There are 2 protein chains.
Amino acid sequence: MRDVAKLAGVSHQTVSRVINDHPNVRAETRERVLAAMRSLNYRRNLAARTLATRESGTLGILGFETTLFGPESMLYGIESAARGAGYLVSVATVRELAHRPVLEAVDRLAQHDVDGIIAIAPKPAVANALTHAPAGLTCVAVGGAGSGADPFPTVRVDNATGARLATQHLLDLGHATVHHAAGPPDWPEAQARVDGWRETLYAAGAVVPPITPGWWDAAAGYEQGRRLAADRAVTAIFCANDRIALGVLRALHEAGRRVPDDVSVVGFDDMPDSGYFLPPLTTMHQDFGELGRRALSLLLNHMSQDDGDGPPPSHVLVVPEVVLRSSTAPAR
Amino acid sequence: MRDVAKLAGVSHQTVSRVINDHPNVRAETRERVLAAMRSLNYRRNLAARTLATRESGTLGILGFETTLFGPESMLYGIESAARGAGYLVSVATVRELAHRPVLEAVDRLAQHDVDGIIAIAPKPAVANALTHAPAGLTCVAVGGAGSGADPFPTVRVDNATGARLATQHLLDLGHATVHHAAGPPDWPEAQARVDGWRETLYAAGAVVPPITPGWWDAAAGYEQGRRLAADRAVTAIFCANDRIALGVLRALHEAGRRVPDDVSVVGFDDMPDSGYFLPPLTTMHQDFGELGRRALSLLLNHMSQDDGDGPPPSHVLVVPEVVLRSSTAPAR
DNA sequence: TTCGTGAGTGTTACCGTTCTCAACGTGCTC
DNA sequence: GAGCACGTTGAGAACGGTAACACTCACGAA
């Protein structure tokens with residue numbers, strides 16, 4: 001920077017002003033400085049800037065170390081949006097969604113002076129830990145299913161509504177009731193899907209079948225599918241996600257129950273290849289990339305106005321949509 | 001830091017020495033400093049350290065903005081290993097695997113003073129761009145299929161061998177020949193799989209069926225599957241990855257050709273739920289997390305010895321393994 | 001004419017580390 | 001007992017920017 005200043009015949013401060021688009025610089029001077037910068041191939045040193053301003057131009061993403069489809073695809077949405085806003089993203093993952101590890105991850109990010117954090121927070125432990133983040137560090141939580149009164153902005157999927165839509169779709173097809181292949185009971189998103197499903201059945205005066213605790217993958221879905229396939233009364237199944245649905249489909253197939261002729265199946269997520277399951281899966285579409293972008297814009301919003309207490313945190317709720325394919329059919 | 005020094009009754013320099021585990025500090029002094037640090041809840045400012053040392057404690061990952069399974073799951077392997085080594089990872093993604101965007105992404109990372117870069121480099125454009133990275137910035141490429149003589153370290157999957165194993169497995173089952181549902185022809189990894197497949201057929205004296213250009217997803221697999229299903233001579237198909245295999249399975253099913261009774265199918269990748277396809281997919285297992293860890297350790301290795309020209313770059317080659325499930329059976 | 005005002009620019013301090021080098025014991029060797 | 005190496009410590013200068021403030025003009029109003 002000193003070299004640039006010398007070459008342009010100005011002070012380093014003027015160079016700084018040019019870099020930061022300060023208005024009070026004569027156009028001719030600015031040109032001279034820009035020319036000098038070009039000819040010296042000057043690049044501003046971000047570390048020095050960070051030291052002086054306490055702003056790093058970096059955003060932190062707090063992730064969950066696993067191969068769940070949702071969290072992964074969100075990363076790209078966030079990253080590309082962040083790039084557009086001039087930020088780089090750093091990732092810190094936790095192996096376990098517990099208080100301590102999450103705090104440590106936040107700490108790692110804070111130590112690197114991130115300007116804000118987007119936390120993938122599918123379980124309350126993450127959100128709780130977030131409230132203990134250093135003051136002045138803006139956080140946004142995405143995922144999970146909170147009270148809607150969290151002390152920080154959130155972006156969430158309206159899982160209950162999604163589940164209602166899925167269940168109603170099956171009821172509308174004439175099924176007497178709808179069974180549910182549930183996710184892990186300690187995940188609020190899974191619980192919200194159970195709630196939406198159950199409410200819809202109540203409202204329709206349908207029997208509410210029992211559920212068993214599960215997990216998000218096909219293996220767990222297969223287990224549940226075996227249970228459900230054994231019961232000839234089952235004609236419609238709403239699965240907590242597409243991977244579970246994949247397992248359920250296999251179990252039904254092995255039991256000789258045809259989909260959708262004998263049993264209708266609905267998934268949740270609309271992951272990339274669910275249109276190629278056997279049969280192609282009717283499911284609830286979620287746009288995770290969009291979710292990430294929304295989270296980012298929320299974060300930037302709150303970062304810019306975090307002086308004082310500011311307005312109450314915003315809460316974005318995204319409603320999934322039904323994607324009709326071939327795994328559902330009218331009850332016979 | 002000044003406060004810590006004052007409280008401990010030493011100079012700031014001594015505090016710095018304690019932080020950096022400099023040997024020449026009296027044990028008693030060190031204790032005093034550590035106590036002061038604890039009581040003041042001192043945290044070293046990384047930006048200042050970066051400014052002084054030009055080392056940021058951050059590693060860059062150059063990714064590809066898409067939902068391909070491999071690249072995604074590598075991230076977690078890298079991140080957790082990096083964490084263990086005391087690094088944070090920053091991610092820069094490109095939308096397009098071309099020269100310019102890749103250079104820009106490298107540039108973004110360089111501007112944030114990353115100490116090294118792991119580039120997901122499935123296509124040569126990435127590797128080429130990497131050679132133009134700023135001098136002194138250590139890079140490692142993972143993926144793709146280079147000459148084995150790249151100027152930087154690489155971690156690669158031995159796709160040709162994987163394809164050979166898959167093809168041989170099908171030949172060993174008694175199939176006269178093996179058809180191939182290929183990936184995109186301009187991706188070296190896809191090409192290597194074609195090569196391995198073709199060589200194996202040659203060696204066995206089997207007919208080499210024609211292939212058509214494809215893509216990595218189930219939709220493309222479905223297209224290829226329809227073509228192959230129409231040909232009653234097809235009894236064995238080696239798919240360039242599991243997603244393609246999913247599409248192929250659907251196409252075969254719709255054509256009334258049973259798997260594995262009429263046709264055997266093998267995939268590549270062993271993605272999480274391929275054991276729950278209909279039928280469960282025999283495939284080539286790749287451990288992407290491990291790939292990421294290998295890449296990281298290679299990077300750290302080369303970073304520590306990058307003074308001078310150092311030794312020639314290492315090249316790691318990982319061989320995939322056959323995972324036998326139910327989509328293959330002896331020819332009838 | 002005189003003074004205030006605001007645009008344009010420079011000067012100096014400061015952000016929180018590490019690096020370089022000098023200074024001070026202390027114990028050992030000769 | 002003098003000289004010397006070495007372990008221990010400190011003072012000051014980087015590192016490369018930004019912030020705060022002072023200064024110089026040109027211009028318009030009093």
Side-chain angles (χ1 to χ4, degrees), chain A residues 1-37 40-58 86-88 107 110-115 134 136-137 307, chain B residues 1-37 40-58 86-88 107 110-115 134 136-137 307:
Chain A
M1 175 151 156
R2 192 176 43 217
D3 299 341
V4 171
K6 205 180 329 175
L7 181 59
V10 297
S11 74
H12 62 119
Q13 180 55 32
T14 297
V15 177
S16 171
R17 279 194 262 264
V18 170
I19 297 174
N20 296 311
D21 276 328
H22 193 91
N24 293 349
V25 178
R26 202 158 22 124
E28 189 251 334
T29 311
R30 178 190 314 275
E31 263 326 305
R32 205 145 30 94
V33 171
L34 288 174
M37 284 175 30
L40 291 179
N41 198 19
Y42 166 81
R43 332 265 337 259
R44 130 207 284 145
N45 180 320
L46 275 180
R49 179 192 147 88
T50 303
L51 180 56
T53 60
R54 312 204 138 290
E55 292 186 0
S56 63
T58 299
Y87 287 93
L88 189 70
D107 202 66
Q111 216 168 103
H112 283 260
D113 292 303
V114 295
D115 298 335
L137 183 56
D307 306 322
Chain B
M1 176 154 154
R2 192 178 41 220
D3 299 340
V4 172
K6 203 179 334 175
L7 181 58
V10 298
S11 74
H12 62 120
Q13 180 53 36
T14 297
V15 177
S16 172
R17 277 193 263 264
V18 171
I19 296 173
N20 296 311
D21 277 327
H22 194 90
N24 291 349
V25 177
R26 205 165 11 133
E28 189 249 336
T29 310
R30 178 189 316 275
E31 262 325 306
R32 204 145 31 93
V33 171
L34 288 175
M37 283 176 30
L40 292 179
N41 196 20
Y42 165 82
R43 333 264 334 259
R44 142 216 267 152
N45 180 319
L46 275 182
R49 179 191 148 88
T50 303
L51 180 57
T53 61
R54 310 206 139 288
E55 291 185 0
S56 63
T58 299
Y87 287 94
L88 189 68
D107 202 66
Q111 218 169 101
H112 283 261
D113 292 302
V114 294
D115 298 335
L137 183 56
D307 307 323

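Note that the structure is predicted; figures quoted are calculated from it, not measured. In what follows, chains are A, B, ... by sequence order, proteins preceding strands, each numbered from 1. Keep in mind that the numbers below use all heavy atoms, side chains included, and drop hydrogens, waters and symmetry copies.
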Reported [atom1]-to-[atom2] distance for the pair [X] and [Y], which is rounded to 0.5 angstrom:
X	Y	atom1	atom2	value
B:Leu46	A:His112	CG	NE2	5.0 Å
A:Met37	A:Leu7	CE	CG	11.5 Å
B:Arg32	B:Arg26	CZ	CZ	7.0 Å
A:Arg44	B:Gln111	CZ	CD	7.5 Å
A:Arg54	B:Asn45	CZ	CG	5.5 Å
B:Arg30	B:Asn24	CZ	CG	9.5 Å

Rounded to whole angstrom units, what separation is found between the CG atom of A:Asn24 and the P atom of D:dC25?
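Taking CG of A:Asn24 and P of D:dC25, I get 18 Å after rounding.
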
Rounded to the Å, how far apart are B:Lys6 NZ and D:dG10 C1'?
16 Å

Just how large is the angle between the end axes of the helix from C:dT1-D:dA30 to C:dC30-D:dG1, five pairs per end, to 10 degrees?
50°

If you take all heavy atoms of B:Leu137 and B:Val114, which pair is closest and at what distance?
CD1-O, 3.3 Å

Heavy-atom pair of closest approach, residues B:Tyr87 and B:Thr58:
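Of all heavy-atom pairs spanning B:Tyr87 and B:Thr58, the closest is CD2-N, 3.8 Å.
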
NA contact type, A:Thr50, heavy-atom cut-off 4.0 Å: base, sugar-phosphate, or nothing?
nothing

Check nucleotides 17-21 of chain D against the protein and report each pair of N or O atoms closer than 3.5 Å, with its distance, or say if there are none.
unit_1	atom_1	unit_2	atom_2	d
D:dG17	OP1	A:Tyr42	OH	3.2
D:dG17	OP1	A:Asn45	N	3.1
D:dG17	O5'	A:Tyr42	OH	3.0
D:dG17	O5'	A:Asn45	N	3.3
D:dT18	OP1	A:Asn20	OD1	3.3
D:dT18	OP1	A:Asn20	ND2	3.0
D:dT18	OP1	A:Arg44	NH2	3.4
D:dT18	OP2	A:Ser16	OG	2.5
D:dA19	N6	A:Gln13	OE1	2.8

Checking the side chain of A:Ser56 only, and the main-chain atoms of A:Asp113 only, is there a donor and an acceptor separated by less than 3.5 Å?
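A pair under 3.5 Å: yes.
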
5' to 3' contact window, DNA chain C with chain A (heavy-atom distance under 4.0 Å)
C:dA7 to C:dG16

Assess whether side chain to side chain contact (heavy atoms under 4.5 Å, CB included) is satisfied between B:Glu55 and B:Arg49, documenting all intermediate values.
CA-CA 7 Å; B:Glu55 291 185 0; B:Arg49 179 191 148 88; 4.0 Å; yes

